[in-house]
Novice: 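I have a structure I would like to understand better, so I am pasting it below and will then ask my questions one at a time.
Just so it is clear, the values below take in all heavy atoms, side chains as well, and ignore hydrogens, waters and symmetry mates. The sequence lines fix the lettering, A, B, ..., with proteins before strands; numbering per chain opens at 1.
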Amino acid sequence: MGNGTDKLVLIDGNSIINRAFYAIPPLTNGSGLHTNAVLGFTTMLLKVLEEEKPSHILVAFDAGKVTFRHEGFAEYKGGRQKTPPELSEQFPLLKELLPAFGISQFELAGYEADDIIGTLSRVAEEKGGSVVIVSGDKDMLQLASDQVTVLITRKGVSEVERFTPEDVNEKYGLTPAQIIDLKGLMGDASDNIPGVPGVGEKTALKLLHEYGTVENVLEKVTELKGKLRENIENNMDSARMSKQVATIFREVPLEKTLDDAAYSGYQSAELVGALRKLEFKSLIERLDLVGAVSEDAGAAGSEPLAYEIVLVEEAGWGELNDALAANVDSLIVESNGDNPHQAEGIGLAVAAGEKIYFVPWELLTAADAGPLRAWLGELSAAKSGYDLHRDELVLARAGIELRGLAFDALLAAYVLDPTEADPSIGGLLSRHGLASIAPDEAVFGKGAKFRVPDRERLAKHLAAKADAVRRLKPLLVEEMEKQSMHRLYYEVEQPLSVVLAGMEKQGISVNGEALQELGAEFQRRIEEIVSAIYKIAGFEFNIGSPKQLGEVLFDKLGLPVVKKTKTGYSTDAEVLEKLEPYHEIVRQILLYRQLAKLQSTYIEGLLKEIRPETGKIHTFYRQTIAATGRLSSQFPNLQNIPIRLEEGRQIRKAFVPSEPGWRILAADYSQIELRVLAHISGDEGLKEAFRNDMDIHTKTASDVFGVSPDQVDANMRRSAKAVNFGIVYGISDFGLSQNLNITRKEAAAFIEQYFSVFQGVSRFMETIKQQAKQDGYVSTLLDRRRYLPDIRASNFNLRSFAERTAMNSPIQGTAADIIKLAMLRMDEALRERGLRSRMLLQVHDELVFEVPEEELELMSKLVPEVMESALKLDVPLKADVSHGSNWYEAK
DNA sequence: ACGGTCACG
DNA sequence: ACGTACGTGACCGTA
């Protein structure tokens, strides 16, 4: 770029690809990758190249999660939705395509595309060149000048509106420089720039025509009147900040120069290869590239692979066996269902250097597969994979052991960000700027449409996954190390995944006859209640349909409507309890609901899950779901077996030891979350209470109500208990008022009183919120992190939710850390001591074991000891233990 | 596929 | 003024 005849085109990559994504209907290529946004972008690009004939051109991208704008303005982009995976997987595609066009890309960590564009357009202007900026964002209009024209996309991407400074004036009556004042006043919902509430484009323009700048509007605010003046006066800082945030930074310290953006056209061969891969056939024709030969023309639609796929069924086992003995990079095990206790294996891929071996499932049990099976079961042979915990269960059902876990990409991704929207292999690749692969759904289909594709496609897909895992591994490990999360990963989550698989394979014995009998009793009562309800109503209807039930209660019987849902009347238990005094039918419906739930979910649901051969139920713990670090349990969920009401609690009688004469032993932490709170808040009163092992709700009541503990009545204790729950959840007066059925004022008074007594807790709640705002995340004692992007949102709801989460997650998450440690220590202890007792279940603050009679005494001491010493806090941890002939009796 | 409801910690 | 307690999974009825 050197003289006045040069023409520079600057493209706002993020803005255009976003526009294109929403403007072009969904589109996928043969390997299942979405391509619509890339297509839209390319269409726009071709048009610009043709019309502008640039001498220099580049595409600028945003880089990094946090930009320098966050330093000055917390809410920036806070309310923006996460990029959908269908779009984020297209970034790498675009970034691969641009070199084929001979177009360079600029990005710099911490800066956004518009700052890069602002900087380069300034440089080009100074050199006397002319500039065309292409974006979907009107903010860019601030850059328009005699030398700079701004093209803003409208309706799709290839149609643009052209802005010189004169056009800006004609359309808005403003100079380009005033565009930032416009944003300062009206804000921008998509960037979460607040502006001044109640001021939209019209009002903002009127004000600027009158006063010229935000500063002048603020200065002369007294000349305004009514609601407008009030709004502006109350949001002066917001207006100033919004203007500042909307101002494009034009001094980005770029390393590359405009010379790096010189454009001399594309190479046909390269471009046709890239477009074929994307399957943009019409573009190939349009560019008259049909005859052009791409380097890998032989395999149209595929890019050259950095590895060779070896089909073991054709090539034989020799080579794979050699590789197993030498060096394996990664392992993929594919199966056909969500439930690893039921899914059937499909095939397996082993990546070793330039070869990736594919083994169809049928071959796994053949004699020839001996070395592979031995390798899978060999503890000292390191396995890296994706969700190996699941793989272990699938392989186990084929009688094959999986041992020697070295790295799990899914688990690492969870440790790095437990709320990651798309932790699939493709999602992780995209997020790391690597070329993505087809999602499983695209290869297999989903739900009822699940089909195993032909061998070639299957082998290719598994190989792509195996290759992806070994490429992701160093990146994920480095990230964990950088953020000091590797200990949580290597010392807790990874070893725990092995312990969990052991518990799941073990399973718990469930007495099907006992469930049947209980179910028969529920059935009798349900039938009675149903006929009673029909009799009262005068006709039959489906009680299980909230819609029909609502019609009966509110239209026919005319009961008062307490609450509504999106779709109609609310009929939940809270509503029904309020309606109970009005009509006798309500109590019957509540009873029906209770029994119907027990029958369908717990009697019928659990019966279906009992394996006839063993009489056992095998749940599956998901270790990478809960945002706080807790486990979840599926197929069936054994973490929500009824206990609160006696009828439901009976279900627990069916959970029994798997061997005659053994016992069920259960141990649960007492008040672990409040103890954790006492520790991390350092609150003296709370610590003292736990050191003296006091009844914490009575103690809270006595302090809050200012009476001695023996004067605390049941009602006071109940209120205090609700306050303690609220504290753990991230308290709000509204939430507490709902829970206690009191007014918001009364609830607020409770909370204030609580905080005046427990000042350490109060300080903690403030500190943690501040910390979350500053860092964008909160952490547990073991450095488990949870990001809270909404903590800086200007939207009250989003922000409040994030604040409560900031208060709750360190507490719930630390409690989860602690029981995970206890599980690891228990697993060790059982093995070291050669005990026969088995750990079977975890229910967040409880561990369930089956224990032979002769170990009962030992285990009754050992389990609580291990649980209580899992992590040393400033207050003692306490675990209560009990045992019985079934889970019901172990209470 | 999704919302309403309800089981647990 | 805003409208909610924190974290899950399963079942049912309905679109």
Novice: Given C:dA5, C:dG7, C:dG9, which nucleotide is nearest the side-chain atoms of A:Arg622?
Specialist: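 From the listed options, C:dG9 comes nearest.
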Novice: Can you identify which nucleotide, out of C:dA10, C:dT14, C:dT4, has its nearest atom closest to the A:Arg744 side chain?
Specialist: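 Of C:dA10, C:dT14, C:dT4, C:dT4 is nearest to the side chain of A:Arg744.
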Novice: Once you apply a heavy-atom cut-off of 4.0 Å, does A:Ile811 come out as touching a base, just sugar-phosphate, or nothing?
Specialist: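 The answer is nothing, as A:Ile811 stays clear of every strand by at least 4.0 Å.
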Novice: Check DNA chain B against residues 591-606 of chain A and give the residues with a non-hydrogen atom under 4.0 Å, in numerical order.
Specialist: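 Heavy-atom cutoff 4.0 Å gives A:Arg593, A:Lys597, A:Tyr602.
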Novice: So what does A:Val843 touch, heavy atoms closer than 4.0 Å: a base, only the sugar-phosphate, or nothing?
Specialist: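 The answer is sugar-phosphate, as A:Val843 gets under 4.0 Å only of primed atoms, P, OP1 or OP2.
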Novice: Side chains of A:Phe541 and A:Ile533: closer than 4.5 Å at any heavy-atom pair?
Specialist: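 Yes, their side chains come closer than 4.5 Å.
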Novice: For A:Leu638 and A:Phe655, run side chain to side chain contact (heavy atoms under 4.5 Å, CB included): C-alpha distance rounded to whole Å, both residues' side-chain angles, the deciding distance at 0.1 Å, then the answer.
Specialist: CA-CA 11 Å; A:Leu638 293 185; A:Phe655 288 78; 3.9 Å; yes
Novice: If you look only at pairs with a residue in residues 718-727 of chain A, which of them pass as a side-chain hydrogen bond (donor to acceptor under 3.5 Å, both in side chains), with sequence neighbours excluded?
Specialist: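 For residues 718-727 of chain A: A:His697-A:Asn724, A:Thr700-A:Asn724, A:Asn715-A:Arg718.
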Novice: Phosphate oxygens OP1/OP2 of C:dC6: is one of them under 4.0 Å from a side-chain N or O of A:Arg804?
Specialist: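 It does, given that an N or O in the side chain of A:Arg804 lies less than 4.0 Å from OP1 or OP2 of C:dC6.
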Novice: Please work out if A:Gly726 contacts a base, only the sugar-phosphate, or nothing of the nucleic acid, heavy-atom cut-off 4.0 Å.
Specialist: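 The residue A:Gly726 makes base contact.
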Novice: Between A:Leu591 and A:Gln594, is there a side-chain heavy-atom distance shorter than 4.5 Å?
Specialist: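 Yes - at least one pair of side-chain heavy atoms lies under 4.5 Å apart.
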Novice: C:dT4 base to A:Ser732 side chain: any donor-acceptor pair below 3.5 Å?
Specialist: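 Flag set: donor-acceptor pair detected.
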Novice: Given C:dG7, is OP1 or OP2 found less than 4.0 Å from the side-chain N or O atoms of A:Arg786?
Specialist: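 Checking C:dG7 against A:Arg786, a side-chain N or O does come within under 4.0 Å of OP1 or OP2.
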Novice: Could you list where the contact with chain A starts and ends along DNA chain B, reading 5' to 3', using a 4.0 Å heavy-atom cut-off?
Specialist: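 Result: B:dG4 to B:dG9.
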Novice: Within the pair A:Ser800 and C:dC2, is there a side-chain N or O less than 4.0 Å away from OP1 or OP2?
Specialist: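 No, no such contact exists.
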Novice: Among the candidates C:dG7, C:dA5, C:dG9, find the nucleotide nearest to the side-chain atoms of A:Asn808.
Specialist: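 Looking only at side-chain atoms, A:Asn808 lies closest to C:dG7.
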